[in-house]
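Notes follow the structure.
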Amino acid sequence: MEEILKGLNCSQKEAVIKEEGPLVVLAGAGSGKTKVLTHRVAGLVERGVRPWEILAVTFTNKAAKEMKQRLEFLLGEAQAKHLWIGTFHSICGKLLRFEIENYMVNNEPFRQKNFVIFDENDSVSLVKQAIKSENLDDKLYKPQAVKATISSAKNKMIDTDRFAATARDYRNQTIARIYQVYENMLKTNNALDFDDLLMSVVRLFENCPEVLEKYKSKFSHILVDEFQDTNLPQYRMIDLLYRGANPDDKTVSNGRSLCVVGDIDQSIYSWRGADYKILLNLQKDFPDAQLIKLEQNYRSTGNILEAANSVIINNRERISKKLFSNKGQGSKITCRETIDENEEAHFVVEKIKELTATGQYSLSDCVILYRTNAQSRALEEAFMSGKIPYIMVGGMKFYERKEIKDVIAYLKLIYNTSDSQSLRRIINVPKRAIGASTIKKIDEIARKYSLSMFGVIEKADDFADELSPKVAKKLKEFHYLIASLIKDCPEYDLSEFISILIERTGYIDDLKQENTEEANSRIENIREFISVAREQEDLGLDTELGEFLTRMSLISDLDNVADNRETVTLMTLHSAKGLEFPIVFMAGLEEGLFPHARALGRNQDMEEERRLMYVGITRAEERLFLTFTKRRLIYGDYKYFMPSRFIDEIPPALVENMEYTPPEKKNTEKEPSYKHSKKNFYQQDAPVSNTTFGKNFKLPESLKKSSTTIVKNKDQEVKTVTCAEKPRNVLKLQEFFDPGTRVFHYKFGIGEIDRIVNVEDNPMYAVTFTQVGKRFIDATLETLKKF
DNA sequence: ATGAGCAGTGTGGGG
DNA sequence: CACTGCTCAT
């Protein structure tokens with residue numbers, strides 16, 4: 001225990017020690033709340049609590065992973081692996097996989113246990129189908145907007161009946177109809193959307209006392225991180241797990257505990273139903289709760305902290321709290337106005353070059369935060385031109401790419417043939433001459449006979465008067481393909497099975513025929529996906545298809561951000577929650593962008609914007625740069641902006657302004673050349689550099705080559721595969737690099753080959769890159785060159 | 001059934 | 001600007 005308490009301050013110790021009952025920790029930014037949580041878990045285990053009795057809920061998978069790692073260190077792997085650590089969504093997914101069939105609605109299970117999870121795209125397109133099937137105009141009822149309404153209802157635990165009953169106007173009554181149809185469709189697809197994961201667990205607990213009792217007695221100690229971002233179903237779930245169905249039960253606290261950690265100043269997810277009032281009201285719900293405040297900040301310098309404090313005091317709805325630091329004043333905050341988003345981006349790039357030039361800071365010390373994803377484009381371009389490696393969090397996620405979604409759709413269909421969404425996605429990919437009209441017909445038959453679309457295809461012969469023999473033949477072929485895969489799936493490891501899948505479906509062949517840069521990169525991505533599966537097998541993760549698919553649905557891009565990479569990080573302010581960096585740039589501080597236009601004039605929303613500002617500022621340890629521009633390209637034309645009010649809320653004494661210098665005055669200064677000629681700046685350094693580019697990275701048009709995928713290096717002989725029409729039949733006398741060879745990859749930079757492995761009969765290099773870590777690279781594509 | 005070309009519309013953030 | 005969806009020709 002002494003070991004565990006070492007290095008903690010008084011309040012932190014108190015929070016770690018408390019044995020029984022409810023505990024609320026109000027933890028300011030950088031006050032060591034993660035430390036409190038992990039040490040609390042370690043302390044419990046040390047006191048004899050069994051690891052599997054502890055449930056720790058975090059906000060992101062990344063945070064969960066970090067916590068797990070720290071606990072492996074503190075407790076050893078043997079103990080740590082039994083802990084239940086995860087996000088609400090992943091824990092719900094796991095729990096439902098076991099228990100969902102116990103939740104009965106009208107005498108049948110709410111879902112079968114092989115349910116699939118629909119992501120946002122699937123859900124929106126399902127809503128769209130629902131709108132169409134109700135013969136409504138999807139211009140009047142925009143699928144996205146309707147989905148958002150349904151989602152917010154679900155986050156308030158409002159089911160279809162109650163939604164219909166409380167719908168006052170015609171529009172909402174119509175949405176109620178769509179909601180009902182949408183729910184029916186989810187059910188026929190045996191699918192859940194993200195919101196359902198949470199809501200279903202609550203309903204399960206409410207409707208099934210035995211199941212609740214089972215988990216209530218299992219989890220005697222519950223910890224929740226980032227509690228200010230909890231929504232109603234999440235809170236209900238925690239409340240039910242801790243107190244059970246009877247909140248007045250006084251024996252609850254016997255040897256049990258609930259510890260929630262949060263900071264209402266960092267509540268930034270109200271738009272998805274989170275409500276910091278849940279945290280504020282916790283002492284009402286739990287009168288015996290102990291309250292601990294952590295106010296010492298161990299992260300930021302005085303100036304940064306003071307800026308954060310001065311901004312957040314403008315919010316009216318908050319508990320007064322003032323963070324203090326013992327790090328000294330530190331540097332002033334730098335504020336910079338630029339002419340447009342390109343100059344803003346170049347300022348950031350040049351500043352980073354300057355800060356890292358002396359070796360005092362490394363690229364991984366720097367982060368650029370912005371309000372909207374759209375802002376990333378100009379920044380990315382500037383980093384590419386400036387040859388600074390960067391990694392972008394968010395944006396296009398790995399599993400959101402077409403080819404990955406396609407492969408996952410195959411897997412989902414194989415796992416759960418009721419999933420007509422996935423079937424629609426891949427029934428004609430690659431082309432099988434099954435077009436839109438056929439799909440429509442299948443859908444109609446499916447509705448008529450209450451079958452899944454796959455069910456219709458299975459029984460294609462029975463619908464001879466509706467499907468022509470030609471079509472039926474094609475469908476039978478497709479059915480045979482899927483059926484054979486279903487049959488063979490259990491016989492193989494997952495990674496092997498995926499190889500077989502892309503082989504038999506002809507997916508890779510199809511891409512190979514295409515023989516374009518894009519197709520090759522898709523092939524690479526699929527191979528990487530196979531490697532992900534393989535790696536998960538190696539790590540001993542559960543690669544049973546259902547578990548794997550759940551994990552893939554819930555993984556977020558942030559989770560893949562590895563540490564210690566020599567790259568700058570780009571991300572939204574929302575993604576940055578819980579992270580810290582020595583140097584922080586906040587870009588786009590303009591009225592209408594940040595605070596966002598949709599928050600102007602609405603006080604509640606404005607306060608949330610301000611909390612977002614607070615989150616941004618408090619990510620910084622040593623240096624903080626704020627930038628804003630006069631004009632910005634939106635929808636293709638320029639809009640003009642005023643500086644953000646949040647800048648004015650920082651005391652001028654803390655700020656050092658770097659005024660914008662008009663171009664004509666600049667000749668005498670030693671400013672970078674980009675200010676003179678934007679065009680030149682983009683054109684000057686064309687060749688691909690040894691940098692890591694973001695996942696959205698596309699080669700500039702000028703660099704695209706049709707015949708090879710390798711960018712040649714002047715002084716290095718590189719063999720390139722000359723791609724004929726059928727590249728796979730070209731006789732290749734290829735020499736492979738040996739393990740240990742230092743290599744260069746156009747996307748991942750420099751690395752070293754660990755070994756050569758075969759993935760679906762394709763040689764692949766397992767390479768550890770300095771910047772992106774371990775990757776599998778197709779050896780036949782020869783994208784690697786000796787370094 | 002498929003693909004090219006055009007018109008219309010949209011971006012707040014994320015599991 | 002970028003993406004989707006629709007129309008029309010093949």
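In what follows, every chain begins at residue 1, and chains take the letters A, B, ... in the order their sequences are listed.
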Any base atoms under 4.0 Å from F88(A), or only sugar-phosphate, or nothing? Heavy atoms, all strands. nothing
Just the table, please: protein N/O against nucleotides 8-10 of chain C N/O, every pair under 3.5 Å.
none

Counting heavy atoms from C-beta on, name the nucleotide in dG13(B), dG15(B), dG14(B) closest to the side chain of Y269(A). dG14(B)
If you compare every side-chain N and O of T438(A) against the phosphate oxygens of dA1(B) (OP1, OP2), does one of them come in below 4.0 Å? yes
For D137(A) and dT9(B), give me the distance from atom CG to atom P, rounded to whole Å. 11 Å
Over all strands shown, is Q144(A) touching base, sugar-phosphate only, or nothing at heavy-atom distances under 4.0 angstrom? sugar-phosphate
Are any of K139(A)'s side-chain N or O atoms less than 4.0 Å away from OP1 or OP2 of dG8(B)? no
Closest to the side chain of W271(A), out of dA2(C), dG10(B), dG13(B), is dG13(B)
Take I634(A) and A433(A), find for each the nucleotide of DNA chain B with the closest heavy atom, and name the residue whose nucleotide sits nearer the 5' end. A433(A)
For the pair made of CZ in R377(A) and P in dT11(B), what is the distance, rounded to whole Å? 15 Å
At under 4.0 Å, does any side-chain N or O of T572(A) touch on OP1 or OP2 of dG14(B)? yes
Check the phosphate of dG5(C) against K128(A), side-chain N and O only, distance under 4.0 Å to OP1 or OP2. Yes or no? yes
Report the residue (K431(A) or N155(A)) whose heavy-atom-nearest nucleotide on DNA chain B is the more 5′ of the two. K431(A)
Nearest-Å distance, CD (Q266(A)) to C1' (dG13(B))? 16 Å
Tell me the interatomic distance from D138(A), atom CG, to dG10(B), atom C1', rounded to whole angstroms. 14 Å
Separation of Q375(A) atom CD from dC1(C) atom C1', in whole Å? 16 Å
Please work out if K142(A) contacts a base, only the sugar-phosphate, or nothing of the nucleic acid, heavy-atom cut-off 4.0 Å. sugar-phosphate
Using distance alone, with no hydrogens and no angle criterion, decide if E344(A) and T629(A) have a side-chain donor and acceptor under 3.5 Å apart. no
Atom pair CD1/CG of I91(A) and L96(A) - distance to nearest 0.5 Å: 12.0 Å
For dT11(B), take OP1 and OP2 only and decide whether either is under 4.0 Å from a side-chain N or O of N373(A). no
Between atom CG in N428(A) and atom C1' in dG3(B), what is the gap in whole Å? 13 Å
Give one of base, sugar-phosphate or nothing for A374(A), where a contact means two heavy atoms less than 4.0 Å apart. base
Please evaluate the base of dG15(B) for a donor-acceptor partner in the side chain of D195(A) within a cut-off of under 3.5 Å? yes
Between dC1(C) (P) and R632(A) (CZ): distance, integer Å: 17 Å
Any base atoms under 4.0 Å from S553(A), or only sugar-phosphate, or nothing? Heavy atoms, all strands. nothing
So does A274(A) get a backbone contact from the side chain of D229(A), meaning a donor-acceptor N/O pair under 3.5 Å? no
Could you check which of dG3(B), dG10(B), dG15(B) has an atom nearest any side-chain atom of E120(A)? dG15(B)
Is the side chain of N314(A) donor-acceptor paired with the backbone N or O of V311(A) at a distance under 3.5 Å, no angle test? yes
Closest to side chain of T372(A), choosing from dG15(B), dT11(B), dG13(B): dG13(B)
Is it true that, when you exclude K405(A) itself, more than 12 heavy atoms of the residues, nucleotides or ligands shown sit nearer than 6.0 Å to its NZ? yes
Is the distance from the ring center of F628(A) to that of F641(A) below 6.0 Å? no
Closer than 4.0 Å, any side-chain N/O of S575(A) to the OP1 or OP2 of dG13(B)? no
Let me confirm one number: the CD-CG distance from E120(A) to D122(A), rounded to the nearest 0.5 Å. 9.5 Å
Categorize Q234(A) for me: base, sugar-phosphate, or nothing, with a 4.0 angstrom heavy-atom threshold over every strand shown. nothing
Nearest-angstrom distance from the residue atom CZ of F59(A) to C1' of dG15(B): 8 Å
Checking D542(A) side chain against F548(A) main chain: does a donor-acceptor pair fall under 3.5 Å? no
Say you draw a straight line from CD of E183(A) to NZ of K187(A); how long is it, rounded to the nearest 0.5 Å? 10.5 Å
